[in-house]
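Presented below is the structure to which this report refers.
Every value quoted in this text rests on a predicted model; they were computed, and no experiment measured them.
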Amino acid sequence: MLNATFRRSVRSYSTLFKEGDYVLVKPLKKTTSDRKWLSAPLTPGKRINTNTGSISHDDIIGTHSNDRIWETQGKKVAKYIISKPTTEEYINLIAREAQPIYPLDAAAIVSLADFHLDYPELNKETGELVDAPVQFLEAGTGHGSLSLAICKQLHAANCYAKDGDLAKRGAILHTIDCREKHSKTGEKTVKSFQKGIYKNDAEFHVSESPSHWLEEESAKWAELYSSKNQETIKALEDVQYKEAFLSGCFLDMAGFHKHLKTISKYLLLDAPVVIFCPSLTQIMEALYTVDADPDTKLHFVKTVQL
């Protein structure tokens, strides 16, 4: 089955480009070039370079999606169309330090976790959250494209944190990477998208592995969960689960099977672990790890080929 997406090309004045917006610039005719350019956040005085010259951000600010921009070089005129970039165009064209997980694959990965979040409940007297925030872990921030897809799914739970009140977050993504450069790139990818709409949804950490982060640096996040769930924790007979605070985990890293046992100790009941890897051999290593060590307490659900 084939699916097609169409966009209305009739001019609409609902999209007015402002400072801080990203803009996609593409030639009016492919004879000029078949390349597309993604601007930096629009800033007065700055320019976006093309293969024929450059376009001033000042000429874009105040215009609308699908407006035409003319670039004159002597007697030569190059014509371009400016538009609001899609998520796919944004991920593909923004500066990168690591290979991105493309949006269609990222959406499929997140859908496998099958989590559904609603607006959190606030205490009418104190204004604080009634329940602890739902927390997820991603190992392998990389380009930040999967982080962005996860944030889009959990964003509704942070409706009260829009003004920067992080204590009212109903959901948090912890995303870690062993390389500081990748972590900073992923953070920029998420926090620059749509003027930072998802900036409060994720915490970015640099750590050598998910096991190291969970064992050495996760205490305050576990306490954040346990502080509002004391009765549940006291009722747990299995000591292993008393450390649990994660409602899901996404692994996009080499050697992930070595960390499954540690990760499982911090997972709440029925919390999914979604693994993204290029090799069936890696999946088999994960299955062997789970089967060989009953203390891991994970069970295999399914494999999906992307």
Side-chain angles (χ1 to χ4, degrees), residues 113 115-141 147 150-151 153-178 180 183 186-187 190-191 198-251 253 256 258-274 295-298:
F115 62 88
H116 307 273
L117 302 179
D118 200 355
Y119 305 137
E121 183 182 355
L122 295 181
N123 185 304
K124 294 181 180 179
E125 296 181 357
T126 64
E128 297 180 352
L129 292 179
V130 173
D131 298 315
V134 180
Q135 299 183 67
F136 297 88
L137 174 66
E138 177 197 16
T141 306
S147 309
I150 299 170
C151 287
Q153 189 71 14
L154 57 80
H155 183 65
N158 292 331
C159 59
Y160 300 121
K162 288 185 177 180
D163 297 327
D165 190 353
L166 301 186
K168 291 184 179 179
R169 287 187 294 187
I172 304 170
L173 170 65
H174 300 285
T175 175
I176 68 173
D177 202 290
C178 60
E180 185 175 2
S183 182
E187 184 172 6
V190 173
K191 294 188 175 182
Y198 302 121
K199 65 181 180 181
N200 294 329
D201 299 333
E203 293 284 340
F204 293 83
H205 312 274
V206 178
S207 185
E208 63 186 49
S209 71
S211 294
H212 179 269
W213 184 80
L214 286 166
E215 293 175 340
E216 302 294 332
E217 303 175 42
S218 66
K220 69 174 182 179
W221 303 107
E223 174 62 25
L224 182 63
Y225 175 83
S226 63
S227 63
K228 294 182 179 293
N229 293 274
Q230 288 294 333
E231 293 184 5
T232 302
I233 293 174
K234 288 178 181 178
L236 293 173
E237 296 180 358
D238 193 331
V239 177
Q240 177 182 2
Y241 290 117
K242 293 186 178 181
E243 299 175 283
F245 70 101
L246 292 173
S247 293
C249 181
F250 299 85
L251 302 178
M253 55 175 288
F256 56 81
K258 301 175 184 177
H259 306 283
L260 290 177
K261 182 176 180 179
T262 300
I263 290 171
S264 69
K265 295 194 302 181
Y266 296 87
L267 291 172
L268 297 169
L269 184 64
D270 286 337
V273 178
V274 183
D295 290 336
T296 303
K297 296 187 178 181
L298 296 175

Show your reasoning for whether side-chain contact (heavy atoms from CB on, under 4.5 Å) applies to Leu214 and Leu246.
CA-CA 10 Å; Leu214 286 166; Leu246 292 173; 4.0 Å; yes
Decide side-chain contact (heavy atoms from CB on, under 4.5 Å) for Trp213 and Tyr266; before the verdict, give the C-alpha distance in whole Å, the side-chain angles of both, and the deciding distance to 0.1 Å.
CA-CA 11 Å; Trp213 184 80; Tyr266 296 87; over 6 Å; no
Verify side-chain contact (heavy atoms from CB on, under 4.5 Å) between Glu203 and Thr175, making sure each step is shown before the conclusion.
CA-CA 6 Å; Glu203 293 284 340; Thr175 175; over 6 Å; no
If you apply the rule side-chain contact (heavy atoms from CB on, under 4.5 Å), what do you find for Gln135 with Ser247, and how did you get there?
CA-CA 6 Å; Gln135 299 183 67; Ser247 293; over 6 Å; no
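No donor-acceptor distance shorter than 3.5 angstrom exists from the side chain of Ser218 to the backbone of Trp221, with no hydrogens or angles considered. Between the Thr296 side chain and the Leu298 main chain, no donor and acceptor come within less than 3.5 Å of each other. Checked by atom type and distance alone, the side chain of Asn123 never pairs as donor or acceptor with a backbone atom of Val130 at under 3.5 Å. The main-chain N or O of His259 is never found under 3.5 Å from a side-chain atom of Thr262 such that the two would form a donor-acceptor pair.
Ring pair Phe115/Phe250 is perpendicular by interplanar angle, where above 60° counts as perpendicular and below 30° as parallel.
Counting only heavy atoms from C-beta outward, the side chains of Asp201 and Ile172 never approach each other to under 4.5 Å. Using a 4.5 Å cut-off on side-chain heavy atoms (C-beta onward), Leu122 and Tyr160 make contact. Inter-residue side-chain proximity for Cys249 and Val274 is flagged as unmet; no heavy-atom pair is nearer than 4.5 Å. Between Glu217 and His174 the shortest side-chain heavy-atom distance does not fall below 4.5 Å. Phe136 places none of its side-chain heavy atoms less than 4.5 Å from the side chain of Gln153. Contact check for Tyr198 versus Asn158: no side-chain heavy atoms found under the 4.5 Å cut-off. With a 4.5 Å cut-off on side-chain heavy atoms, Cys159 and Pro120 count as touching. In this structure, the side chains of Ile176 and Val206 stay at 4.5 Å or more apart for every pair of heavy atoms.
The heavy-atom pair separating Cys151 from Leu173 by the smallest distance is SG-CD2, 4.1 Å. The two atoms that bring Lys261 and Asp295 nearest to each other are CE-CB, 4.0 Å, heavy atoms only. Across all non-hydrogen atoms, the minimal contact from Met253 to Ala139 is SD-CB, 3.6 Å. When all heavy atoms are compared, the tightest approach of Ala157 to Ala171 is CB-CB, 3.7 Å. Ala202 and Arg169 get closest at one heavy-atom pair: O-NH1, 4.4 Å.
With a 6.0 Å radius and a threshold of 12 heavy atoms from other residues, nucleotides or ligands, Asp270 has its CG atom at or below the threshold.
When only modelled atom types and interatomic distance are considered, Ser147 and Thr141 share no side-chain donor-acceptor pair under 3.5 Å.
Note that CG of Asp165 is 9.5 Å distant from CG of Asn200, once rounded to the nearest 0.5 Å. Distance check, rounded to the nearest 0.5 Å: NE2 of His155 to CG of Leu117 gives 12.0 Å. Note: Glu216 CD to Ser209 OG = 9.5 Å, rounded to the nearest 0.5 Å.
By the salt bridge (Lys or Arg N to Asp or Glu O under 4.0 Å) test, Glu215 is found to be paired with no residue, residues two or more places apart in sequence or in another chain being considered. With sequence neighbours left out, the salt bridge (Lys or Arg N to Asp or Glu O under 4.0 Å) criterion links Lys199 to no other residue.
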